[in-house]
Engineer: 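Here you go, one structure.
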Amino acid sequence: MRLKRFRPSPATVIASFALMVALSGVGYAAVVLPANSVGTRQLRNNSVVSSKVADHSLLLRDFGFGQIPRGPRGSIGPAGAAGPAGPTGPAGPTGPAGSISGTLPSGQTLRGSYMIQNTAGAANDLGAAGVSFGVQLSAAPTAHFIKLGDAPPSECSGNVTSPAAAPGHLCIYEGADGNVKAGRGVADPVTSNGGPGGSARTWGFGVAVRSNAAGDFYSSGSWAVTAS
């Protein structure tokens with residue numbers, strides 16, 4: 001008995017080919033589908049999973065606003081140990097004649113004021129005031145008392161509002177007076193001896209005036225001393 005050869009029908013062949021395509025899945029689609037033919041509309045939800053995405057292949061622009069959470073703020077580490085001390089800097093500049101360290105440098109000038117006010121019971125009552133330089137002079141200055149209205153000597157080139165004195169000299173400028181005798185002037189602050197030709201000390205001086213009559217009397221002004 002001869003067996004009849006089986007020949008599949010065309011429908012069977014087409015069905016078998018379709019089954020092969022279905023079973024081959026992505027491999028066939030990658031060969032047959034043209035490039036850039038698969039988009040968002042062709043993909044089902046959740047069809048692309050994290051296991052199919054290569055690490056570090058996505059950029060910040062691939063994510064929407066707010067999808068990447070902000071990390072915690074970093075903390076500031078402890079301060080490091082202090083470094084070694086630097087070298088001592090150079091000394092700062094000093095004035096032309098140096099700095100004051102107890103004795104007034106040569107050529108430096110001090111300025112100030114004095115005031116004497118008193119009420120006399122009779123003529124010839126005394127009024128006096130003492131003035132301290134605040135620093136020592138290397139030598140006692142030659143004192144000059146310029147009464148109100150008198151011309152100053154050459155060693156005293158200033159005035160009551162801008163007192164000045166040549167090196168080694170003390171210049172006292174009277175700016176106001178009332179009911180005082182003409183014999184007023186510099187007084188030694190130790191012995192109280194005063195009047196025209198009175199002396200000063202290396203650290204200060206005095207001014208002495210006497211009333212011309214009973215009643216209020218006064219003398220006031222400014223002074224300048226320059227170290228020799």
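Please read these numbers as outputs of a predicted model, since none were measured by experiment. What's counted below: heavy atoms across the whole structure, side chains too, no hydrogens, waters or symmetry copies.
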Engineer: For a 4.5 angstrom cut-off between non-hydrogen side-chain atoms, does Ile172 reach Val186?
Structural biologist: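 Yes - at least one pair of side-chain heavy atoms lies under 4.5 Å apart.
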
Engineer: Could you walk me through whether Ile146 and Glu174 satisfy the side chain to side chain contact (heavy atoms under 4.5 Å, CB included) test, starting with their C-alpha distance in whole Å, then the side-chain angles of each, then the deciding distance to 0.1 Å, before giving a yes or no?
Structural biologist: CA-CA 6 Å; Ile146 301 100; Glu174 187 180 48; over 6 Å; no

Engineer: Kindly indicate whether the side chain of His144, heavy atoms from C-beta on, has any atom under 4.5 Å from the side chain of Cys156.
Structural biologist: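 Yes - at least one pair of side-chain heavy atoms lies under 4.5 Å apart.
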
Engineer: Taking all non-hydrogen atoms of both residues into account, name the closest pair between Tyr218 and Ala176 and its distance.
Structural biologist: CE1-C, 4.1 Å

Engineer: Using the side chain to side chain contact (heavy atoms under 4.5 Å, CB included) rule, take Leu110 and Val135 through it: C-alpha gap first, then chi angles, then the decisive distance, then the call.
Structural biologist: CA-CA 9 Å; Leu110 297 176; Val135 293; 3.5 Å; yes

Engineer: Could you go step by step and tell me if Tyr173 and Thr161 meet the side-chain hydrogen bond (donor to acceptor under 3.5 Å, both in side chains) rule?
Structural biologist: CA-CA 9 Å; Tyr173 300 87; Thr161 58; over 6 Å; no

Engineer: Between Phe145 and Cys171, is there a side-chain heavy-atom distance shorter than 4.5 Å?
Structural biologist: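 Result no, sub-4.5 Å side-chain heavy-atom pair not found.
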
Engineer: Under the criterion side chain to side chain contact (heavy atoms under 4.5 Å, CB included), I'd like the reasoning laid out for Val209 against Phe217: C-alpha separation, chi angles, the key distance, then a yes or no.
Structural biologist: CA-CA 9 Å; Val209 299; Phe217 65 104; 4.0 Å; yes

Engineer: For Ala187 versus Ala208, what's the shortest heavy-atom pair and its separation?
Structural biologist: CB-CB, 3.9 Å

Engineer: Is there a side-chain contact between Ser228 and Ser138 in this structure, where contact means two heavy atoms from C-beta onward sitting under 4.5 Å apart?
Structural biologist: yes

Engineer: Can a salt bridge be assigned to the pair Arg201 and Asp188 using a cut-off of 4.0 Å between side-chain N and carboxylate O?
Structural biologist: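 Yes, Arg201 and Asp188 are salt-bridged.
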
Engineer: Kindly indicate whether the side chain of Asp125, heavy atoms from C-beta on, has any atom under 4.5 Å from the side chain of Asn118.
Structural biologist: no

Engineer: With heavy-atom distances below 4.5 Å as the criterion, would you say the side chains of Val225 and Thr109 are in contact?
Structural biologist: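 Sidechains of Thr109 and Val225: no contact.
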
Engineer: I'd like to check the side-chain contact (heavy atoms from CB on, under 4.5 Å) partners of Thr202; sequence neighbours left out, ordered by chain and number.
Structural biologist: Gln136, Leu137, Ala140

Engineer: Would you indicate whether the side-chain heavy atoms of Asn124 and Lys181 approach each other to under 4.5 Å?
Structural biologist: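 With C-beta onward as the side chain, the pair touches.
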
Engineer: Would you call the rings of Trp223 and Phe205 parallel, tilted or perpendicular, taking 30° and 60° as the class edges?
Structural biologist: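 If you compare the ring of Trp223 with that of Phe205, the planes turn out perpendicular.
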
Engineer: Do you know which two heavy atoms are closest between Ala227 and Pro105, and how far apart they sit?
Structural biologist: CB-O, 3.2 Å

Engineer: Take Arg184 and Asp177 through the test side chain to side chain contact (heavy atoms under 4.5 Å, CB included) and record every step on the way to the result.
Structural biologist: CA-CA 10 Å; Arg184 58 194 181 276; Asp177 64 24; 2.8 Å; yes

Engineer: Please name the pair of heavy atoms, one in Gly127 and one in Ile116, separated by the smallest distance, quoted to 0.1 Å.
Structural biologist: C-CG2, 3.7 Å

Engineer: In sequence, state the C-alpha distance, the side-chain angles, and the governing distance for Asn179 and Ser211, and then conclude on side-chain hydrogen bond (donor to acceptor under 3.5 Å, both in side chains).
Structural biologist: CA-CA 6 Å; Asn179 191 26; Ser211 62; 5.5 Å; no

Engineer: Assess, by modelled atom type and distance only, whether the side chains of Tyr114 and Ser219 contain a donor and an acceptor separated by less than 3.5 Å.
Structural biologist: yes

Engineer: Is any side-chain heavy atom of Leu104 closer than 4.5 Å to a side-chain heavy atom of Phe133?
Structural biologist: no

Engineer: For the atom pair OG (Ser157) and NE2 (His169), what is the distance rounded to the nearest 0.5 Å?
Structural biologist: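 If we round to the nearest 0.5 Å, Ser157:OG and His169:NE2 are 11.0 Å apart.
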
